[in-house]
Amino acid sequence: ESTSFHPDTLPHGVLPLRPATYALAQAVVTGQFTAHTDRDAVQSVRVINRADIDRIGAVSLRDVLLTQSSVNLQHDAQLGTNISLLGLSGRHVQVLVDGLPVVGRVDGNIDLDQLPLDQVQRVEIVEGPMSVEYGSEAIAGTINLITLGGAAPASSVRLVGESVGRSQVLARWAAADGRLEGRASRTHFSGFNPDGATGRSWIWKPKTQIGGELRGHHTWGDVRATASAQYQHETLYNDGDVQFRQETRPINDTLLGVYDVPFAQDAQFITRRAVLRGDLQAPRGKGFLAYSRYERQRTTSWIDFTDLSTSPVTEAGMNDTATFATWHSRASRQLGRGWALGYDAQHEEARGARIADGRQTLTHAALFASGEWHLGERLLLRPGLRVMWNSAYDAPLIPSLHARWSAGPHRVRASFARGFRAPDLKELHFLFVDVNHNIAGSTDLRAEVSDAWQASYSADILTEKSLLRPALQVFHNRVDDVIELGLMDAETQLYTYLNLSQTTTTGATASFRRASDRWTTEANVTGVQRHTWLQPDDAQPVEAFSLQASFSSDVQLAGGRTWTLQINHQHRETLFQQVEEGEWALMELSPNTQLSSYLSQTLLDGQLTLRGGIDNALNVTNRLLTGGTAPTGTHSSGSTMGQPVAMGRNYKLTLQWNF
């Protein structure tokens, strides 16, 4: 039985103690076969916990990754937000939800705006190779969304409003015993144009997302079973600008009139995601079986503004549906202390008019083994091996070796892993055409093979009132036969996937974190140098450099208030893209600084939380993309254009009631 004492009434010589929560290590599960914290894991794992998510009122995964210095986000008016990590594109980043890969990549990327954080307890980011544990896409890194899963049997309602036109209503319910839980949400974005833009066509397209989940849990002794069903429906509206055409219409029985008739071409892009999943977890093993379905539908119609009548556009490819269905099963079992064996199997099927022959399938299967081997008290080795089979490509053996040396508060880690990524069904067989894209798949693609090296130093130095964590990480990645988009026909702007000879990325991240009861600050700087050889006989590679820095600060104020400041700066960034058939040009992106500030207030013993803040306080909307010099030495046509990066200054307000 516990007893509470007022400090003035404590017995002589007894001092009151309270936990220093800022110094507690966080449990991590990504890539782990036994219980580990972020301090004793062999790989470096960065954790964004629920408190961090709530402090900024984050709605989607995009919101919480905006201030991560090693993460670079790109925005597409049609495809949403995608990611690059350690200089490699989203094709080389594995995105998981409780260990299950997210399906529905378009142009190799997952739209981060379609990954809500309603039920997410924390986000774990592993920078570096995880190809043995999670397969082909886990070359640059792995992002795992860990859901609540009955850990917080409470019900809540949340309302979010933003000045740029985004709003969310979320309701979450859980039974008192935690065996059954559900959630439902609606997120609406009314579209955004920067000042001075006119017309019906929005740069940031309006869209509506509706989603829900039902999950049940049952326990037999030490075995826990979970069954869940998830669904998400998104409609994106792409309204066209008003045009005029001449039509001849009768005025009376003898006269004809010629009129300028206003009309527009409007399109809707509808995305449906559904996941049915069953999990089993026992003391020495865990596994799941899941069915994921991703459907993307396009409908295009003409609207006549004289009578508001509509008619479908009959051109090929303007109205169609593509469906991607995946069966995925994964299980692992602990054989001994730190040693585990598992399997990973996946069968994909694609159907639709834009799929070659109307239907294509692809199957992957793998056995993987990994173990932790202690050499003395300070050195820990973790070798791993993945044996794969792919229905379309010959797959090599994939080895890995991770090491961690520790002495007191100091940690030194090193990793090496081979990677193999076979082209997916979209890259092989999908024809993707809309107002901004004309992309055809290619069956001539070769599989990518990669090597990744990484080393890091970190320390957890506990002083009398704070925890100090300096860290330094260096990395080098090499990808052979890297898959990129290449321009095939300049007149029709037709792009297709092709293999470049090789890409390497080399860089470093330096960070420092100070945490205490009332004040936590963190600063990070990441620099990446990328070299790409277009052809095997190229004497000189194409070089691109990026530099990014971030800073965050959380201050616990009196009366249950918390103030948060976040700054992310992307320096001038060089990249290359194809400007003509067979000709690639160096381009440069201008600097971009995002500054955000939030204030939260808890009331009614934590039942009610109010959060207000400002995103993009500097009102940045575009980065200038400036044309440069082609790798051959000839000059491409110099040009300057804007690349949308944000929707301007955004005021947001969140209300959450836990009951």
Applying salt bridge (charged side-chain N to carboxylate O under 4.0 Å, His left out) to Arg469 and not counting sequence neighbours gives Asp38, Asp460

Do Arg273 and Asp111 sit within salt-bridge range, that is, some charged N less than 4.0 Å from a carboxylate O? no

Step-by-step ring-ring contact (aromatic ring centres under 6.0 Å, His included) determination, Phe288 to His328: CA-CA 8 Å; Phe288 65 77; His328 196 129; 5.7 Å; yes

Can Asn658 and Gln656 be counted as having a side-chain donor-acceptor contact under 3.5 angstrom? yes

Does either side chain, that of Trp563 or that of Ser553, offer a donor lying less than 3.5 Å from an acceptor on the other one? no

If you draw a 6.0 Å radius around CG in Asp241, do more than 12 non-hydrogen atoms from other residues or ligands fall strictly inside? yes

Would you confirm whether Arg50, through its side chain, and Arg122, through its main-chain N or O, come within 3.5 Å as a donor-acceptor pair? no

Determine which pairs satisfy ring-ring contact (aromatic ring centres under 6.0 Å, His included) with at least one residue from residues 165-190, sequence neighbours left out, and list them in order. none

Restricting to non-hydrogen atoms, name the atom on Gln209 and the atom on Asp113 that form the minimum distance, rounded to 0.1 Å. NE2-O, 3.1 Å

Could you walk me through whether Gln594 and Asn592 pass side-chain hydrogen bond (donor to acceptor under 3.5 Å, both in side chains), step by step? CA-CA 7 Å; Gln594 297 284 321; Asn592 169 37; 3.2 Å; yes

The single option from Asp615, Thr564, Thr562 passing side chain to side chain donor-acceptor pair (under 3.5 Å) against Tyr598: Asp615

Once you round to the nearest 0.5 Å, how far does CG of Leu610 lie from CH2 of Trp657? 13.5 Å

Hey, is Asp118 close enough to Arg172 for a salt bridge, meaning N to O under 4.0 Å? no

Using 4.0 Å as the upper bound for N to carboxylate O, is an ion pair formed by Asp266 and Arg200? yes

Within the 3.5 Å criterion, strictly below it, is a donor on Gln119 or Glu213 matched to an acceptor on the partner's side chain? no

